[in-house]
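Hydrogens, waters and symmetry mates play no part in the numbers below; they use all other heavy atoms, side chains included.
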Amino acid sequence: MTKVFQNIPIIILAGGKGERFVSKENLPKQLTKVSDHPIIIEIILYYFKNGFNLFILPLGYKHNFFINFFNDKKNLAKYSINILKNKNSIVVQSKINILLFNCGLKANKLVRIKKSIKFLNNNIDKIGVCYGDIFANISFKKELLKLKNKNTDCVTVGYNEKSPFGHMTIKNNLVKKFNEKPKLKDPINIGFYFFKKKLFSNINININSDLETNLLPKLSKMNKLACHIHSGYHFTVNNQKDLKEAKQLYEKNKKFFVNL
């Protein structure tokens, strides 16, 4: 593990209901296994491999499942986890340090981020945020470089997704061109962010505001939102169909997640 990014905590948004995902074991989506590890562990291990060792989980729906998982003695030893109780807890540099707290069932993404920041020391000036159901081999170094611009308060990650449909070019009621599942012109937002922490105290955010519908559009209008285009791997687990496909990818190549 590199030590480059150890002062940047990563907030993993894993407290939603995941209404499109139903588990036979009644597990939260993020604790479902795709490989030898649950989804959230694969995400944490990728960050850790890239130099991040402090993670905050603002929990909500089924929060007890997460608390039980991360406090289990076998998992503590297996993943070299150090559980933090508050902002004064000692961060062990060689371990995966995790702080969990119950943020409530109704807290949206932005509220979860703001409540997580209260657990951070004043010397931390950047934070990472990601969703808890996405795999991607992102170059965090390239993403963070864009945050060095003094006018940039947030960097998000875009991805040129393929359309699930065949597209047609029509002229005089005739199909002149048929393009099967082309790459879409505009990139999608895949849910990996880096923020300057001061943003959350400098900008007015309504109590009912959320991340994608309010904060990001506001930053965009202020020319403070940058984007890193990811050209590597990206996979989101939204439902059981996605979970099955991810498992099949792993079965074909056991080093699938190792190589992310």
- Any idea how Phe66 and Phe70 line up, ring-wise: parallel (<30°), tilted (30 to 60°), or perpendicular (>60°)? parallel
- Task: Specify whether Phe52 and Tyr47 have parallel, tilted or perpendicular ring planes, treating 30° as the upper limit for parallel and 60° as the lower limit for perpendicular.
- Result: perpendicular
Pairwise side-chain contact, [X] with [Y], heavy-atom cut-off 4.5 Å (strictly under):
X     : Y      : answer
Ile98 : Asn82  : no
Ile12 : Val129 : no
Leu31 : Pro28  : yes

- Message: Tell me whether the NZ or CZ atom of Lys109 lies within the 45° cone about the ring axis of Tyr131 and under 6.0 Å from its centre.
- Response: yes
Heavy-atom donor-acceptor pair, [X] side chain to [Y] backbone, under 3.5 Å:
X      : Y      : answer
Asn97  : Lys95  : yes
Asn223 : Asn151 : no
Asp210 : Thr213 : no
Asn86  : Ser89  : yes
Asn53  : Gln93  : yes
Asn121 : Asn123 : no
Asp153 : Phe195 : no

- Value for CZ (Arg112) from CD1 (Ile117), rounded to nearest 0.5 Å, stands at 14.5 Å
- Message: Are His230 and Phe192 an aromatic pair, judged by ring center distance below 6.0 Å?
- Response: no
- Phe140 and Tyr46: aromatic ring centres closer than 6.0 Å? yes
Using a 6.0 Å cut-off, check whether atom [atom1] of [X] has over 12 heavy atoms from anything other than its own residue.
X      : atom1 : answer
Phe165 : CZ    : no
Asn172 : CG    : no
Leu174 : CG    : yes
Lys87  : NZ    : yes
Lys78  : NZ    : yes

- Item | salt bridge (Lys or Arg N to Asp or Glu O under 4.0 Å) contacts touching residues 157-177 (sequence neighbours left out) | none
- Task: With sequence neighbours excluded, tell me which residues meet side-chain hydrogen bond (donor to acceptor under 3.5 Å, both in side chains) with Tyr159.
- Result: none
- Query: Going by an N to O cut-off under 4.0 Å, is there a salt bridge joining Lys197 and Asp125?
  - Reply: no
- Message: Does anything in residues 180-189 form a side-chain hydrogen bond (donor to acceptor under 3.5 Å, both in side chains)? List the pairs, not counting sequence neighbours.
- Response: Thr156-Asn189, Asn189-Tyr193
- Run the ring-ring contact (aromatic ring centres under 6.0 Å, His included) check on Tyr79 and His37 step by step: do they pass? CA-CA 10 Å; Tyr79 300 115; His37 314 295; 5.3 Å; yes
- Between Ala107 and Val111 the two heavy atoms that sit nearest each other are CB-CG1, 3.8 Å
